[in-house]
Every structure is written in structure tokens, then in C-alpha cells.
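The structure under discussion appears below in the form of C-alpha cells.
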Amino acid sequence: MNTKNKTGYVAILGLPNSGKSTLLNALLGQKLSIITSKPQTTRKRILGILSEEYYQIIFLDTPGILSPSYLLQEKMMEDVKTSLDDADVIVMIIDVKEDSSADNLFAQEFVKDTVIKSKKPKLLILNKVDLITQEKVTELLNHFESQKLFEEIIPLSATFNFNTQRVKEEIIRFLPTGPKLFPDDQVTDENERFFVSEIVREKILELYRDEVPYSCEILIVDFKEREKGKNFISAEIVVERDSQKVIIIGKGGAGIKKLGQVARESIEEFLQREVFLELRVKVRKKWRSDENLLKSFGYSKKE
Ligand SMILES: Nc1nc2c(ncn2[C@@H]2O[C@H](COP(=O)(O)OP(=O)(O)OP(=O)(O)O)[C@@H](O)[C@H]2O)c(=O)[nH]1
Ligand SMILES: [Mg+2]
């Protein structure tokens, strides 16, 4: 083992919709985390591993920081907290269009009382700089540099891959030395089933409005790799109310048909093989506030 190897965990933290998952995917060079224009897309910590000869960065993409209003959101915040605990380096990310001075981010108690006070190296990413002028970027850099809260402040456009390399280099600077923790060819710790369920959820977030996508959870109930023909995947869409089931299915089944089609295409792209996707909708009253159901859906492995 090379003694100069650098290895460590890097937590990507920020408000919902700031671009955490887009940054993770840009750094990995592949789509692992789902991304949508709606806040609270990511619900669980997503681990993404970037291995090169002399380093291994283990990224933790996290749900957006929020003040929880129901149990599911509490579980989401648990994942944020454990990611912070696990991290060797903290990457905080802001959306320069929505929260240019990071006032909203710093207003969050968890950020104010815990993240900022952490002794771990902290980098601040000013994301979405493609949406503002260069003058504004310079102004923001000066503003945050004078605060002296961060080791480095880096302007970024995660979508357009501007400065992604610099983010990676700065992270490596602050990584501890140590042997790699995962095999070089391993990208994540979750299985295909998990990512397939995430893709279905991504498509629901894209296709449905208001509270409907937020009331959905996806369970993969069957996943068969058949020797001949396509893989067979059966997914259950769990909703909270009968009315939401009606909306998901749509008039004459048009909604769920469209969902099945776009989700299948995206799953096939991810798996690089053809699949048959079956979708069913089930009502589980108030699952978002039900400790046992949430546990069975894999939320928060709180010891
Ligand atoms: N213009 C622009 N949009 C971006 C950039 N990075 C991310 N976005 C968009 O911002 C939205 C949110 O991106 P995500 O990566 O899902 O954000 P997130 O922080 O993971 O959000 P949650 O998982 O909900 O907490 C998406 O519509 C992205 O396409 C960027 O650099 N520039
Ligand atoms: Mg996300």
C-alpha cells in the first residue's frame, strides 16, 4: 500500500435544491444521485466513491438541510447529521441565485450550532455561477473570504462542469493520508434495486405536482434477471391517501402509463440493459409519520 495515499469521507451539505446531487454526479462523472428542479429530491445519504491511483474520495450526498415538520424529514436530517459525523472534509454548497449571502443556510440551527463550529476542514462552494455576473461572483468571494469560516471558497457551475476539477483538487488537499477503504472499481454501497427505486421517484417528481411526489415512496418488490429476455422489475408506489392514488394512475391509466414509460427508459439507460417495468400503487395511510413503516422503507439506521 502506498503510504502517500489520501483517503477520506467528504460530506456535501446544503439547503434543498442547492445542487448537491448535481455536484456529486459531476465529480463522479456519472449519474448516481437523482436530480430534479424540486426541493427535497434526495431523501437518504448517497455514497459515491471516486478512486484514482493515489486517492480515494468517498462522497456523501445528503438530503437538504431543513427544519423537519414530519417524521420522514426528521429521518432525512438524521442522515445529514451522521454524514457530518462521518466526514473528514465538509463541503458546503449554496445556490448563489437563491441564497447569495448564505443567510438562509446559516439561519438553520444545525448549520449555525454544529456545522460551522466543526473543527473539520470546510470548503464553501458557490454553485450556479452561470446564473450571475462575474462582478457578482467577485463580490461574493470577497464577502465570504472576509468571514474566515472556510478553508477555501470555490465558484462552481455543477451543471456546466465549470470548476469541478478545482473542487476535486481542493478536497484532495484536505484529505487525510491513509489506505483506500473500497475496491477501486466500487462506485457506491447501494445495490441496483435502490437506484431503480430512486429513478422511479425522480420521474414522479418530474411528472406530478404539489404534495403528490412528496407523498410517494417506491418499493422494489421483484427484480428478476432472466436468462432469456428482459429483466423483470416490479415496483410499488406507496402513497398516503386514496386521492393520491387516483392522481398517480390518472384518467384511464394515462398517468401511470406515462410514468412507466419514462421511468423504464431511464432505468434501461442506468442499467445498460432492457427491462420490463411493472408499477402498482398502494395506499399506506400517513406512512411519512409512521416509525415502523419508515423503518421498513430503510429510513435512518439510528443505532
Ligand atoms: N443553472 C444551474 N442549475 C443548477 C446547477 N447545479 C444544479 N442546478 C439545478 O438545481 C436543481 C437542484 O439540483 P439538485 O442537484 O437536485 O440539488 P440538491 O441540492 O441535490 O437538492 P435536494 O436533493 O432536493 O436537497 C436542478 O434543477 C439542477 O439542474 C448549476 O450549476 N447551474
Ligand atoms: Mg439531492
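The analysis underlying the following values was restricted to heavy atoms, covering all of them including side chains, and did not include hydrogens, waters or symmetry mates. In listed order, ligands and their atoms are each counted from 1.
Only backbone heavy atoms of Pro39 (N, CA, C or O) come within less than 4.0 Å of ligand 1; its side chain stays farther off. When heavy-atom distances to ligand 1 are checked against a 4.0 Å cut-off, Gln40 comes that close only through its backbone atoms N, CA, C and O. Heavy atoms from both the backbone and the side chain of Thr41 come within less than 4.0 Å of ligand 1. With a 4.0 Å cut-off on non-hydrogen atoms, Asn127 touches ligand 1 through its side chain and not its backbone.
Against a heavy-atom cut-off of under 4.0 Å, Gly64 is close to the following atoms of ligand 1: 25 (O). Taking a cut-off of under 4.0 Å to the non-hydrogen atoms of Leu131, the atoms of ligand 1 that pass are 1 (N). Atom numbering of ligand 1 starts at 1 in the shown order; those under 4.0 Å from a heavy atom of Gly19 are 7 (C), 13 (O), 14 (P), 15 (O), 17 (O), 18 (P), 19 (O). Near Lys20, with a cut-off below 4.0 Å to any heavy atom, the atoms of ligand 1 are 15 (O), 17 (O), 18 (P), 19 (O), 20 (O), 21 (O), 22 (P), 25 (O). Counting atoms of ligand 1 from 1 in the listed order, those under 4.0 Å from a heavy atom of Asp130 are 1 (N), 2 (C), 30 (C), 31 (O), 32 (N). Close approach of ligand 1 to Ser37 (heavy-atom distance below 4.0 Å) involves ligand atoms 27 (O).
Of the polar atoms of Pro63, none of the N or O atoms is found under 3.5 Å from an N or O of ligand 1, judged by distance alone. Annotation: Ile34 places no N or O atom under 3.5 Å from an N or O atom of ligand 1; distance criterion only. In terms of polar-atom proximity, defined here as any N/O pair under 3.5 Å, Asp61 makes no such contact with ligand 1. Not a single N or O atom of Thr62, backbone or side chain, sits closer than 3.5 Å to an N or O atom of ligand 1.
Under 3.5 Å, the side chains of Thr42 and Ser21 contain a donor-acceptor pair of N or O atoms. For the residue pair Ser69 / Gln73, a side-chain donor-acceptor distance below 3.5 Å is found, with atom types taken as modelled.
Taking a cutoff of 4.0 Å between a charged side-chain nitrogen and a carboxylate oxygen, Asp189 and Arg45 qualify as a salt bridge.
Distances from atom 22 (P) of ligand 1 to the heavy atoms of Asn25, Leu13, Asn17, Thr159 put Asn17 nearest.
Scanning the protein heavy atoms around atom 31 (O) of ligand 1, the nearest turns out to be Ala158 N, 2.9 Å. At the top of the distance list for atom 26 (C) of ligand 1, counting protein heavy atoms only, stands Thr36 O, 3.3 Å. Summary of contacts: the protein heavy atom closest to atom 10 (O) of ligand 1 is Lys128 NZ, 2.9 Å. Remark: minimum distance from atom 7 (C) of ligand 1 to any protein heavy atom is reached at Thr22 OG1, 3.4 Å.
In this structure the side chain of Lys112 never reaches within 4.5 angstrom of the side chain of Ile116, judged on heavy atoms. You'll find the side chain of Thr164 reaches within 4.5 Å of the side chain of Leu156, heavy atoms only. Counting heavy atoms from C-beta on, the side chains of Phe270 and Lys31 never come closer than 4.5 Å. A 4.5 Å side-chain heavy-atom check between Phe195 and Leu271 finds every atom pair outside the cut-off.
In terms of heavy atoms, Asp184 sits closest to Ser51 at OD1-CB, 3.6 Å. Smallest separation of non-hydrogen atoms from Arg288 and Tyr70: NH1-OH, 3.1 Å.
Phe144 and Phe106 have perpendicular rings, their planes meeting at more than 60° on a 0 to 90° scale where under 30° would count as parallel.
The 12-atom threshold is exceeded at CZ of Arg226, counting heavy atoms of other residues, nucleotides or ligands nearer than 6.0 Å.
Contact between Ser18 and ligand 1 is present, with at least one heavy atom of the residue lying under 4.0 Å from the ligand.
At a cut-off of 2.8 Å, Thr41 is not counted among the residues with an N, O or S atom near the Mg ion (ligand 2). Look at Thr22 and the Mg ion (ligand 2): no N/O/S atom of the residue is under 2.8 Å from the metal.
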For Lys120 and Glu151, run salt bridge (charged side-chain N to carboxylate O under 4.0 Å, His left out): C-alpha distance rounded to whole Å, both residues' side-chain angles, the deciding distance at 0.1 Å, then the answer. CA-CA 10 Å; Lys120 297 175 184 183; Glu151 267 71 16; over 6 Å; no
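The side chain to side chain donor-acceptor pair (under 3.5 Å) test with Glu217 singles out one residue from Arg201, Arg43, Lys282, and that residue is Arg43.
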